[in-house]
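Down below is the structure, laid out as C-alpha cells.
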Amino acid sequence: YDVTSVELVKHNLKVLQKKEPNIKSYQGNAINLKFKDNSFLVMAAAVSDYVPKVRYKDKMKKDDIGEIWNLRLGLNDDILSSFRALGVKKSGFKLESEQESALNDAKKMLNEKGLDAVCLNILDDVVKFGSDVTRVTFITKTGQTEIKTAPKDEVALQIAKLTKSL
C-alpha cells in the first residue's frame, strides 16, 4: 500500500519505513502530486493556520523595527480541505488540549474537510509536546478506535494499519 505523508516527523517515518518498506513519503505540496487509485494521503502536521500579510525581502534590523514589532497575519490556505482526488483516502491529525470538546472538534474536522479518518491527539499529563509517547483516537465516519499510549513509532504503525483498512 502507498501511504503518502506530508510533513511527517522524519524520525518516525524512518522507523515506520523499516517496519513497512512500501510506505512512500513526499515532503512538500501534495496538491500537485499524481496519485494512483487506492492511495492514502495522510496530512500529519499543519504548517500554519496563519501567514504574514507583509513579506520582507531582506533581514529586518532591530533598529528599524523598534521595541515592538506588530505582525499582520492572514488566514492561510487549508491544503487538506482543498485537496480533492478520486480514489484517494484522506486522513488528518487533530491536536487538542481541551478534553471536553476534542472528540466533537475532530468529528467536525472529519466532515468539513471531507476526510476518511482523523487521528485525534489530546494533550494531557502523559501526552505532551515533545514527548516520546502518544495516544490517538482513530476516527472514521463509522466509528472510532482507541490506540493506547505507546512510543510514537508504534502508534504510527497502528495508524498505518488502520488507514490501510479504510
Side-chain angles (χ1 to χ4, degrees), residues 1-31 33-49 75-166:
Y1 51 97
D2 181 13
V3 176
T4 302
S5 61
V6 178
E7 299 301 325
L8 186 62
V9 178
K10 289 181 182 179
H11 168 75
N12 287 341
L13 180 62
K14 287 178 184 174
V15 171
L16 188 58
Q17 286 173 326
K18 284 179 186 173
K19 295 178 181 179
E20 292 287 341
N22 293 329
I23 292 176
K24 298 176 186 172
S25 170
Y26 302 96
Q27 297 284 328
N29 189 349
I31 302 298
L33 293 174
K34 302 290 184 215
F35 291 89
K36 299 175 190 172
D37 282 348
N38 300 315
S39 292
F40 299 94
L41 174 66
V42 179
M43 300 293 283
V47 176
S48 70
D49 291 329
L75 198 56
N76 199 1
D77 293 337
D78 187 329
I79 296 170
L80 191 52
S81 291
S82 62
F83 181 83
R84 301 275 186 250
L86 294 175
V88 175
K89 302 286 187 178
K90 292 191 320 181
S91 299
F93 280 71
K94 182 89 172 141
L95 178 67
E96 291 290 339
S97 58
E98 296 180 23
Q99 177 83 32
E100 301 78 32
S101 61
L103 186 59
N104 284 337
D105 290 344
K107 288 179 178 178
K108 181 179 173 185
M109 177 185 177
L110 183 78
N111 293 319
E112 288 182 355
K113 296 182 186 252
L115 302 177
D116 297 285
V118 172
C119 297
L120 173 63
N121 299 89
I122 303 174
L123 297 176
D124 58 21
D125 292 339
V126 176
V127 177
K128 303 175 185 196
F129 278 119
S131 172
D132 292 331
V133 298
T134 193
R135 175 180 52 250
V136 167
T137 304
F138 188 83
I139 303 164
T140 66
K141 291 178 175 105
T142 59
Q144 58 194 52
T145 303
E146 299 292 330
I147 300 174
K148 296 186 187 305
T149 305
K152 290 180 178 178
D153 59 326
E154 290 177 23
V155 172
L157 187 57
Q158 290 180 59
I159 290 169
K161 289 177 181 176
L162 289 167
T163 300
K164 182 181 177 185
S165 69
L166 290 173

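The figures that follow rest on heavy atoms only: side chains count, while hydrogens, waters and symmetry mates do not. It should be emphasised that the depicted structure is a prediction, and the values quoted were computed from it without experimental measurement.
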- Query: Roughly how far apart are Gln158 CD and Asp153 CG, rounded to 0.5 Å?
  - Reply: 10.5 Å
- Query: Just checking, any donor-acceptor pair under 3.5 angstrom between side chains of Glu146 and Thr137?
  - Reply: yes
- Heavy-atom side-chain proximity of Phe138 to Thr163 below 4.5 angstrom: yes
- Item | Pairwise side-chain contact, Ile139 with Lys107, heavy-atom cut-off 4.5 Å (strictly under) | yes
- Reported NZ-to-CG distance for the pair Lys128 and Leu123, which is rounded to 0.5 angstrom: 10.0 Å
- Can you name the closest pair of heavy atoms from Ser131 and Val126 and give their distance? OG-O, 3.8 Å
- Taken to the nearest 0.5 Å, the spacing of Ile159 CD1 from Thr145 OG1 works out to 11.0 Å
- Message: I need the minimum non-hydrogen distance between Lys89 and Asp116, along with the two atoms involved.
- Response: CA-OD2, 3.2 Å
- Query: How long is the span from the OG1 atom in Thr134 to the CD atom in Glu154, to the nearest 0.5 Å?
  - Reply: 12.0 Å
- Query: Quick check: are there more than 12 heavy atoms from other residues, nucleotides or ligands sitting under 6.0 Å from NZ of Lys141?
  - Reply: yes
- Query: Around atom CG of Asn111, are there more than 12 heavy atoms of other residues, nucleotides or ligands at under 6.0 Å?
  - Reply: yes
- Go through the structure and list residues passing side chain to side chain contact (heavy atoms under 4.5 Å, CB included) with Leu115, not counting sequence neighbours. Leu80, Lys90, Met109, Leu110, Lys113, Val118
- Task: Would you check if Ile122 and Val127 make a side-chain contact, meaning some heavy-atom pair closer than 4.5 Å?
- Result: no
- Which heavy atom in Ser91 sits nearest to a heavy atom in Leu166, and how many Å separate them? OG-CD1, 4.0 Å
Can you give each donor-acceptor pair under 3.5 Å made by side-chain atoms of residues 94-104, sequence neighbours left out, with the distance rounded to 0.1 Å?
unit_1: Lys94; atom_1: NZ; unit_2: Glu96; atom_2: OE2; d: 3.2

